[in-house]
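Structure first, commentary second.
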Amino acid sequence: MTKRTIVLTAIIAGLALAGCQRKDDEGPTQLTGRLFVFNYRVASASYMITLKKIAPIPDGTMAVAEFENPAGGDPLVVQQKIYSFWDKITLESPDLRCVRKDHPYSVSIKLVDASDKTLQTIKTQVKSDLDQTVLPTRPLVVGPAYTANPDIFKSDGSADYGKDTACPA
C-alpha cells in the first residue's frame with residue numbers, strides 16, 4: 001500500500017465513525033411518549049411524559065419538568081431524581097383542572113447533573129383528545145375498598161357529578 005492509500009483509508013474511516021456519533025444537542029434521553037391521563041374513579045387528570053435512555057446518565061441527575069397549567073397561572077413544576085440504571089423515565093404532573101380537547105399545552109423538561117449543569121433540554125406540546133368535562137368534579141369512590149362516594153351517589157338513587165365552572169374559556 002502506498003502512503004496515499006493509507007491516508008485516504010484513514011480519512012474515510014474517520015468520516016464513517018464521525019457519522020455514527022450522536023449530535024451534541026440530543027442528550028442522554030429521547031422523548032417516547034406524551035399524553036394526558038384521565039382517571040374517572042378519582043376524578044383526576046395529569047400529564048404523563050416518557051423518556052427512553054439512549055446514552056449513559058450520570059449519578060445524581062435530576063429531571064425538572066415544567067407543565068403548562070391548563071387552569072392558568074404559573075407552570076406546574078416537578079423535580080424527580082433520575083437513576084443511572086433506569087432505561088425508561090416517566091414524569092407525571094400533579095393533578096390538573098380545566099384540560100381542553102385539542103388545545104396544545106407546553107411542556108419543558110431539563111435534565112441537570114449533580115453540579116447543576118444542564119445535560120439536555122426537551123420542549124414539546126401535549127394535546128388531549130378529551131375535554132376534562134368528561135370527569136366528575138369529585139372522586140366517584142372513597143377509601144381503600146372503593147366505596148361509592150356519598151357526596152355523588154345520593155341515597156335516593158340520583159347522582160350529582162358536578163361541574164367545574166372556574167375554568168377559563
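No experiment lies behind these values; they were computed from the predicted model shown.
- A donor-acceptor pair is defined here as one N or O able to donate and one able to accept, closer than 3.5 Å; such a pair exists between the side chain of Q132 and the backbone of L96.
- Residues passing the side chain to side chain donor-acceptor pair (under 3.5 Å) test with S46, sequence neighbours excluded: E92.
- In this view, Y83 and F85, W86 satisfy the ring-ring contact (aromatic ring centres under 6.0 Å, His included) rule, not counting sequence neighbours.
- Cluster annotation: Y40 and I152 are assigned to the same hydrophobic cluster (Ile/Leu/Val/Met/Phe/Trp/Tyr, side-chain heavy-atom contacts under 4.5 Å, transitive).
- Screening residues 119-158 for ring pair (Phe, Tyr, Trp, His ring centres under 6.0 Å), with sequence neighbours left out, gives no hits.
- For the ring pair (Phe, Tyr, Trp, His ring centres under 6.0 Å) condition, no pair includes a residue of residues 107-129, sequence neighbours left out.
- Inter-residue side-chain proximity for L111 and T29 is flagged as met; some heavy-atom pair is nearer than 4.5 Å.
- Screening residues 102-133 for ring pair (Phe, Tyr, Trp, His ring centres under 6.0 Å), with sequence neighbours left out, gives F36-Y105, H103-Y105.
- Applying the side chain to side chain donor-acceptor pair (under 3.5 Å) rule to S158 yields the partners D156; only residues at least two apart in sequence or on another chain are considered.
- In the hydrophobic cluster analysis, where Ile, Leu, Val, Met, Phe, Trp and Tyr join through side-chain heavy atoms closer than 4.5 angstrom, V107 is grouped together with L31.
- A 4.5 Å side-chain heavy-atom check between I109 and L91 finds at least one atom pair inside the cut-off.
- Within the 3.5 Å criterion, the main-chain N or O of V142 finds no donor-acceptor partner in the side chain of N149.
- For the salt bridge (Lys or Arg N to Asp or Glu O under 4.0 Å) condition, no pair includes a residue of residues 102-125, sequence neighbours left out.
- Pairs of residues two or more places apart, or lying in two chains, that qualify as salt bridge (Lys or Arg N to Asp or Glu O under 4.0 Å) and include a residue from residues 126-155 are R138-D160.
- Put simply, Y161 and F38 are part of the same group of oily side chains (I, L, V, M, F, W, Y) that touch within less than 4.5 Å, one to the next.
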With a cut-off of 3.5 Å and sequence neighbours excluded, list every side-chain donor-acceptor pair involving residues 53-82.
from, atom 1, to, atom 2, distance (Å)
K53, NZ, S84, O, 2.6
D59, OD1, S84, OG, 2.9
T61, OG1, P58, O, 2.7
E68, OE1, S106, N, 2.8
N69, OD1, A71, N, 3.0
N69, ND2, G72, O, 3.0
Q80, NE2, T90, O, 3.3

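- Partners of S93 according to the side chain to side chain donor-acceptor pair (under 3.5 Å) rule, which considers only residues two or more places apart in sequence or in another chain, do not exist here.
- For residues 81-163, the pairs satisfying disulfide (SG to SG under 2.5 Å) are C98-C167, with sequence neighbours left out.
- The closest donor-acceptor contact from the side chain of S128 to the backbone of L130 lies under 3.5 Å.
- Counting only residues at least two apart or on different chains, no salt bridge (Lys or Arg N to Asp or Glu O under 4.0 Å) pair has a member in residues 33-43.
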